[in-house]
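The structure under discussion appears below in the form of structure tokens.
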Amino acid sequence: MKYICKTFLGLSLALGFTLNIYAQSDKLGHVNATNVNLRNHPTTQSKVVGKLQKNEDVIILNRSRTNSDAVEAILLKDAKFYSQEGEYRFTLPKGKAVELLAFDPEADVYHVSYVNAGVKGYTKLDRTSVKTITYEQWYYIQRKKTGAKGWVLARYIDLAEDVDDDSIVVYED
């Protein structure tokens, strides 16, 4: 068997074939935003395990929908958050993930919370201030440079031209 492998490798090199370290079935993508959170599960409530940078190359290994009971959303504009007592706590920038607690149809606003490292804040936002992501797709990716793996919202990955989203196989653990 060793002889066959060595012969094949030697023949490939002699004929000028290049060996790609990625399998032909790998699905390649590129990060389309800056400082994108890489998470350990497909939910904004999970731990951030890294940050992806714009134009970074990734391999898409799997896909999934949000794995959370919470209704998750992304801020579409900066928002001020307050303590439950109404004291100003902090301002979150556009693009941050938040949890929608309830919708008040009379006031036409969402009751929103944000919790990170024990820091909690609450606010009320109109429909134009948030975009729900609860049912959005996530990709389980591997960074080409470092090999690190994690989950990222699919909206932040542009698939390579030859990759169709439906061609990404969903594997069950």
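Other residues sharing the hydrophobic cluster of Leu101, ordered by chain and number and joined by side-chain separations under 4.5 Å: Tyr122.
The structure places CG of Leu28 at 11.5 Å from CD1 of Ile141, a figure rounded to the nearest 0.5 Å. Atom CG of Leu125 and atom OG1 of Thr123 lie 4.5 Å apart (nearest 0.5 Å). Atom CG of Leu153 and atom OG1 of Thr44 lie 8.0 Å apart (nearest 0.5 Å). Rounding to the nearest 0.5 angstrom, the gap separating the CD atom in Gln84 from the OG atom in Ser113 is 9.5 Å. Taken to the nearest 0.5 Å, the CH2 atom of Trp151 stands 13.5 Å off from the CZ atom of Arg39.
Using a 4.5 Å cut-off on side-chain heavy atoms (C-beta onward), Phe103 and His111 make no contact. Contact annotation: the side chain of Ile59 never approaches that of Tyr140 to less than 4.5 Å [non-hydrogen atoms, C-beta and beyond]. Under the 4.5 Å side-chain criterion, counting only non-hydrogen atoms from C-beta, Val58 is in contact with Val31. Using a 4.5 Å cut-off on side-chain heavy atoms (C-beta onward), Val98 and Leu75 make contact.
By the side-chain hydrogen bond (donor to acceptor under 3.5 Å, both in side chains) test, Gln53 pairs with Asn35, sequence neighbours left out. By the side chain to side chain contact (heavy atoms under 4.5 Å, CB included) test, Asp158 is found to be paired with Asn32, residues two or more places apart in sequence or in another chain being considered. Not a single salt bridge (Lys or Arg N to Asp or Glu O under 4.0 Å) links Glu99 to another residue, sequence neighbours left out. Taking the salt bridge (Lys or Arg N to Asp or Glu O under 4.0 Å) definition, one finds that Asp104 meets it with nothing, sequence neighbours left out. Judged as a side chain to side chain contact (heavy atoms under 4.5 Å, CB included), and not counting sequence neighbours, Asn55 has no contacts. Remark: Thr91 pairs with Asp78, Lys80, Tyr88 by the side chain to side chain contact (heavy atoms under 4.5 Å, CB included) rule, at least two apart or across chains. Listed by chain and number, the residues in a salt bridge (Lys or Arg N to Asp or Glu O under 4.0 Å) with Arg89 amount to none (sequence neighbours excluded). For His30, the side-chain hydrogen bond (donor to acceptor under 3.5 Å, both in side chains) partners at least two apart in sequence or on another chain are Asp57. Lys77 pairs by the side chain to side chain contact (heavy atoms under 4.5 Å, CB included) definition with Thr128, Ser129, not counting sequence neighbours. With sequence neighbours excluded, the residues forming a ring pair (Phe, Tyr, Trp, His ring centres under 6.0 Å) with Phe81 are Phe90, listed by chain and number.
There is a path of hydrophobic side-chain contacts, each under 4.5 Å, that joins Ile157 to Leu61. Under a hydrophobic clustering in which Ile, Leu, Val, Met, Phe, Trp and Tyr are joined whenever their side-chain heavy atoms come within less than 4.5 Å, directly or via other members, Tyr114 and Tyr82 fall into different clusters.
The main-chain N or O of Glu72 is found under 3.5 Å from a side-chain atom of Thr134 such that the two form a donor-acceptor pair. In terms of modelled atom types and a separation under 3.5 Å, the side chain of Thr146 and the main chain of Arg143 share no donor-acceptor contact.
For Tyr139 against Arg63, the heavy-atom pair with the smallest separation is CD2-CB, 3.8 Å. Taking each heavy atom of Asn40 and Ser46 in turn, the nearest pair found is OD1-CB, 3.1 Å. Nearest approach of Ala73 to Ile133, heavy atoms of both residues: N-CG1, 3.8 Å. The minimum heavy-atom distance linking Val49 with Lys149 is given by the pair CG2-O, 4.2 Å. The two atoms that bring Ala33 and Tyr156 nearest to each other are CB-CD2, 3.9 Å, heavy atoms only.
The list of salt bridge (Lys or Arg N to Asp or Glu O under 4.0 Å) pairs with a residue in residues 117-137, not counting sequence neighbours, reads Asp108-Arg127, Lys131-Glu136, Glu136-Arg155.
In this structure, Lys54 places its NZ atom where only 12 or fewer heavy-atom neighbours from other residues, nucleotides or ligands lie under 6.0 Å away.
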Evaluate Leu52 against Val152 for side chain to side chain contact (heavy atoms under 4.5 Å, CB included), listing each step before the verdict. CA-CA 9 Å; Leu52 302 172; Val152 63; 4.0 Å; yes

